[in-house]
Amino acid sequence: MKKKTMMALAVAATLGLSVLPPAADAVSNRDIEQKRSEIDALRSKRSDVEEKISEAQKNIETLQSQQKQVANDIEKLNIAIEETSGKIRNVSADIDETEQAIDKLKQEIAEIQERIEKRNEILKARLRSLQESGGAISYLEVLLGAQSFSDFIDRMSAVTTIMEADQQIIREQEADKALKEKKETELTEKRNKLQADLQELKQLQAQLAAQLEQKNRLMSDLKQKEEEEHEHKMALEEEKELIAKQEAAVKQQLAELERQKRAEEEAAKQRGRTYSPPTSKSGGEAPSGGSTPPVSSGAFTRPANGPITSGFGYRFGGSDFHPGVDIGKRAPVVPVVAAADGVVFRSYYSSSYGNVIFVSHVINGQVYTTVYAHLEARLAGEGQRVRKGQVIGYMGNTGHSFGPHLHFELHRGGWNVGKTNAVDPLDYIPF
């Protein structure tokens with residue numbers, strides 16, 4: 001993610017750094033008090049940023065703790081899924097064994113059925129025999145037809161044997177039928193139970209997999225939030241560093257104001273009038289190879305020579321807001337000058353602006369900020385005081401740029417990431 005650059009630029013919104021009054025004006029106590037107030041405000045702002053850094057660190061630690069807990073949950077879910085998969089394998093194996101037992105049972109049932117059918121044939125034969133005799137012969141008639149006691153005993157024994165045989169056939173028939181039904185019921189119930197267990201385990205496995213996916217998404221979200229919190233903390237630390245630099249610059253300005261104030265008072269005593277140092281010359285000489293634009297009257301001057309290739313406002317059918325103007329490069333070397341007297345509060349390389357310089361100005365009590373982006377080179381450093389028309393860099397094609405040009409912004413107030421203070425430079429500068 002590339003939020004760090006934008007967050008780093010956003011801190012410039014806090015750096016509406018005022019500059020020293022023009023040299024032609026006398027230093028007043030109000031100027032000195034204003035600088036002291038700026039220092040107090042910067043200290044308070046730095047303290048606020050430090051609190052935000054501490055809060056960001058706590059958020060990072062909380063997110064890391066949450067990730068640790070989620071990691072433990074994921075580990076437990078993986079173990080549960082592994083155990084469930086093992087149970088599914090075991091139940092599947094039991095089902096296979098049951099299916100094999102069912103196949104074996106089918107063979108046994110077939111044998112039982114065969115025995116039943118054979119007995120049925122015997123019983124049918126007995127019935128046919130009785131039908132053929134017209135049902136006139138009974139066991140009693142057989143016994144009463146005995147010719148002697150010995151014959152009666154023999155007939156009794158024969159009848160008993162026949163009756164027992166018939167009873168045995170019936171008992172075996174009933175036993176085989178019961179056995180067949182029992183085995184069919186047992187195996188069917190066992191198979192149904194195993195299939196129900198298998199289905200339940202598969203549902204559990206699906207639930208665990210869904211929980212695991214949810215935990216993985218949560219872990220991804222937590223890592224994303226931690227990354228964003230780290231970037232936020234880095235931006236805050238950079239903001240803290242910039243505020244410290246600004247505070248040091250304002251302290252330097254305060255010391256300079258106090259020195260000038262003492263000098264003015266001493267000169268007034270000596271000459272009996274208010275000390276007015278000579279006004280320094282505006283403009284700057286550019287090195288060989290390019291020309292600087294003429295320094296115009298008024299608060300601001302043109303920052304570079306060249307045609308305006310893109311104006312201020314919405315572009316591309318209203319989908320893109322352009323917070324400044326682009327000045328095209330029409331020479332091998334094009335100097336870029338400060339649009340007004342001011343102090344450089346940021347001079348660095350940005351992935352979007354490329355080589356960029358931020359300058360803060362105070363004109364008639366109003367703070368302005370100018371931005372000079374995509375420079376080939378920067379000649380002004382942070383904390384440096386620059387004059388209107390002074391060369392501070394050279395037009396280039398660095399950062400997010402599609403051709404050599406100067407992207408110039410003018411803000412009525414401090415710069416902010418939303419660029420809500422941006423104004424059209426053409427309304428302030430004679431181009």
Side-chain angles (χ1 to χ4, degrees), residues 11-51 239-284 295 297-301 338-347 357-371 380-390 392 410-416 421 423 428:
V11 303
T14 66
L15 304 179
L17 178 62
S18 59
V19 300
L20 297 179
D25 297 333
V27 176
S28 67
N29 290 329
R30 180 181 178 183
D31 295 330
I32 293 174
E33 288 302 320
Q34 181 180 0
K35 288 299 174 185
R36 288 173 178 169
S37 297
E38 287 182 22
I39 292 173
D40 290 339
L42 288 169
R43 286 174 179 169
S44 176
K45 189 173 295 183
R46 178 157 51 88
S47 176
D48 291 341
V49 172
E50 288 173 349
E51 289 181 4
E239 181 179 356
K240 177 184 174 182
E241 180 182 354
L242 289 172
I243 292 174
K245 287 183 178 180
Q246 184 184 6
E247 185 179 347
V250 175
K251 286 180 178 179
Q252 182 181 359
Q253 292 176 358
L254 175 61
E256 178 65 15
L257 283 173
E258 291 174 340
R259 185 194 65 77
Q260 288 185 16
K261 179 68 173 175
R262 289 192 298 270
E264 290 170 2
E265 291 174 351
E266 183 64 26
K269 289 179 182 179
Q270 293 177 0
R271 294 182 294 181
R273 61 184 177 85
T274 303
Y275 173 69
S276 299
T279 304
S280 59
K281 294 190 297 181
S282 299
V295 179
S297 60
F300 296 97
T301 191
D341 292 349
V343 172
V344 176
F345 67 83
R346 194 74 167 101
S347 176
I357 294 175
F358 290 78
V359 181
S360 182
H361 318 268
V362 174
I363 299 174
N364 297 326
Q366 173 64 51
V367 175
Y368 292 89
T369 303
T370 53
V371 181
E382 295 177 5
Q384 180 177 342
R385 201 178 315 166
V386 294
R387 304 186 311 275
K388 180 181 179 182
Q390 177 182 336
I392 59 175
L410 175 61
H411 298 260
R412 186 178 174 86
W415 187 98
N416 61 72
N421 292 333
V423 294
Y428 292 78

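As the structure is a computational prediction, the values presented were derived from the model and not from experiment. Every heavy atom of this structure was used, including side-chain atoms; hydrogens, water molecules and symmetry mates were not.
One distance of note links CG of Asn416 with NE2 of His411; it measures 7.5 Å at 0.5 Å rounding. To the nearest 0.5 Å, the span separating OH on Tyr428 from CD1 on Ile363 amounts to 10.5 Å. With rounding to the nearest 0.5 angstrom, the CD atom of Gln390 is 13.0 Å from the OG1 atom of Thr301. Note that the CZ atom of Arg46 and the CZ atom of Arg43 stand 7.5 Å from one another [nearest 0.5 Å]. Taking CZ from Arg346 and CH2 from Trp415, the interatomic distance works out to 11.0 Å, rounded to the nearest 0.5 Å.
Annotation for Gly414 and Asn421: closest pair O-ND2, 2.7 Å, computed over non-hydrogen atoms. Taking each heavy atom of Tyr368 and Arg412 in turn, the nearest pair found is OH-NH1, 2.7 Å. Here the closest non-hydrogen pair linking Lys388 and Asp341 is N-OD1, 2.6 Å. The shortest non-hydrogen separation linking Val386 to Ala380 is CG1-CB, 4.3 Å.
Remark: the backbone N or O of Ile357 is not paired with any side-chain donor or acceptor of Ser347 at under 3.5 angstrom.
The aromatic rings of Phe358 and Phe345 are tilted relative to each other, their planes meeting at an angle between 30° and 60°.
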